[in-house]
Amino acid sequence: MTADVLLGGPLRHLDGRVFADGLPARSGAWHLGWRTVVNGGQYWLVGSFAALASLLAARRRRSKALLVKTGVWLVASELLVRGSQIALARTPPRTGHDVLFADGFLSYPSGHAANAAACLLFAAAVTGASRAWTAAAHTVAAAVAVAVVALGYHWPTDAVAGWALGAFLACLGRIWLAAPYPSSSKVSMASS
């Protein structure tokens with residue numbers, strides 16, 4: 001998808017057609033409903049939720065390493081999302097133009113969609129959530145991606161790329177958390 005956006009391919013042309021008739025109205029119950037959903041992608045909210053879920057899981061498992069890994073993951077994932085946005089610097093639909101590498105714009109990938117997917121799916125993984133709760137996390141993350149487009153904040157490819165990046169980051173976080181922690185006995189035997 002990123003290659004398509006960079007090369008001006010068919011998906012990027014579809015982005016332009018989505019808002020060809022203008023942006024959605026910014027008032028009414030429809031707008032308020034989607035605004036409520038899109039807040040589920042605010043990093044301070046979902047990042048705090050992931051941190052709290054990790055704190056509870058670390059306390060239950062008596063694992064300080066889990067807290068450290070979570071902290072590193074939270075910082076690294078946010079840096080990757082922001083870095084991608086800064087590097088590509090795509091203008092949002094409200095500008096009326098679809099331009100890449102425009103200083104000051106952070107449209108691609110959608111940070112809200114990336115944050116929702118990364119943090120909610122990570123929280124589900126770290127807590128060992130049931131299938132139902134994990135499905136709910138996926139549903140909320142997908143709803144945030146839809147909301148940013150429904151409100152005209154992002155192009156559709158921004159939302160899909162953000163959601164995909166977030167899901168990927170959550171998978172990496174899950175793999176990293178599952179990696180065995182070095183035990184003191186293995187470390188001391190290795191040094192002998």
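- For the residue pair Ala145 and Ala159, the shortest heavy atom distance occurs at O-CB, 3.3 Å.
- Of all the heavy atoms in His112 and Gln42, the pair that sits closest is NE2-NE2, 3.2 Å.
- For Ala50 against Ala123, the heavy-atom pair with the smallest separation is CA-CB, 4.1 Å.
- Ser84 has its side chain within reach of Leu165: a pair of non-hydrogen atoms, C-beta onward, lies under 4.5 Å apart.
- Contact detail for Ala150 and Pro24: the closest heavy-atom pair is O-CG, 3.0 Å.
- Although no hydrogens or angles enter the test, the distance criterion places no donor-acceptor pair under 3.5 Å between the side chain of Trp163 and the main chain of Ala143.
- Between Ser48 and Tyr43, the closest side-chain pair of non-hydrogen atoms is not below 4.5 Å.
- Looking at every heavy atom in both residues, Ala58 comes nearest to Leu67 through CB-CG, 3.6 Å.
- The local environment of CZ in Phe49 is sparse, with at most 12 non-hydrogen atoms from other residues, nucleotides or ligands closer than 6.0 Å.
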Next on the checklist: Go through it in stages, so that I can follow the logic: the residues are Leu74 and Cys119, the test is side chain to side chain contact (heavy atoms under 4.5 Å, CB included), and I'd like the CA-CA distance, side-chain angles, deciding distance and then a yes or no.
Outcome noted: CA-CA 8 Å; Leu74 283 167; Cys119 293; 4.3 Å; yes

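- Listed by chain and number, the residues in a ring pair (Phe, Tyr, Trp, His ring centres under 6.0 Å) with Phe122 are Trp73 (sequence neighbours excluded).
- With hydrogens and angles left out, the side-chain atoms of His154 and Ser107 include a donor and acceptor closer than 3.5 Å.
- Counting only heavy atoms from C-beta outward, the side chains of Leu100 and Arg12 approach each other to under 4.5 Å.
- Around CZ of Phe105, the count of heavy atoms belonging to other residues, nucleotides or ligands within 6.0 Å exceeds 12.
- Among all heavy-atom pairs drawn from Leu66 and Arg61, the shortest one is CD2-NH1, 3.8 Å.
- Cluster membership check: Tyr153 does not share its hydrophobic cluster with Leu106, using side-chain heavy-atom separations under 4.5 Å among Ile, Leu, Val, Met, Phe, Trp and Tyr.
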Checklist entry - Is there a side chain to side chain contact (heavy atoms under 4.5 Å, CB included) between Arg174 and Leu177 once you walk through the steps? => result CA-CA 5 Å; Arg174 183 178 188 158; Leu177 289 178; 5.9 Å; no

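- Counting only heavy atoms from C-beta outward, the side chains of Arg90 and Val5 approach each other to under 4.5 Å.
- Hydrophobic clustering keeps Trp133 apart from Val126 (ILVMFWY residues linked when any side-chain heavy atoms are closer than 4.5 Å, directly or through intermediates).
- Within the 4.5 Å cutoff, the side chain of Val18 has no heavy atoms near those of the Trp155 side chain.
- Counting non-hydrogen atoms of neighbouring residues, nucleotides and ligands closer than 6.0 angstrom, the CZ atom of Arg60 exceeds 12 such neighbours.
- Thr36 contributes a side-chain N or O that, together with a main-chain N or O of Leu32, makes up a donor-acceptor pair within less than 3.5 Å.
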Item to check | side chain to side chain contact (heavy atoms under 4.5 Å, CB included) assessment of Val146 paired with Trp34 | outcome: CA-CA 9 Å; Val146 170; Trp34 283 118; 3.5 Å; yes

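- The backbone N or O of His97 sits less than 3.5 Å from a side-chain atom of Thr91, completing a donor-acceptor pair.
- Taken from OG in Ser77 to CG in Asn115, the straight-line distance is 7.5 Å, to the nearest 0.5 Å.
- Just one of Asp98, Asp15, Thr2 meets the side-chain hydrogen bond (donor to acceptor under 3.5 Å, both in side chains) condition when paired with Tyr108; it is Thr2.
- Proximity of Leu23 to Pro93: side-chain heavy atoms (C-beta onward) are separated by under 4.5 Å at one or more points.
- Between the side chain of Thr70 and the main chain of Ser54, no donor-acceptor pair closer than 3.5 Å is present.
- In this structure, the side chain of His13 engages the main chain of Gly8 through a donor-acceptor pair within 3.5 Å.
- Shown here is Trp30, whose CH2 atom has more than 12 heavy atoms of other residues, nucleotides or ligands within 6.0 Å.
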Checklist entry - Can you check side chain to side chain contact (heavy atoms under 4.5 Å, CB included) on Thr127 and Leu56, steps first, answer last? => result CA-CA 8 Å; Thr127 59; Leu56 294 173; over 6 Å; no

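- Looking at heavy atoms from C-beta onward, Val149 lies in side-chain contact with Phe19 at the 4.5 angstrom threshold.
- Val81 is listed as a side-chain neighbour of Leu169, based on a closest heavy-atom distance under 4.5 Å.
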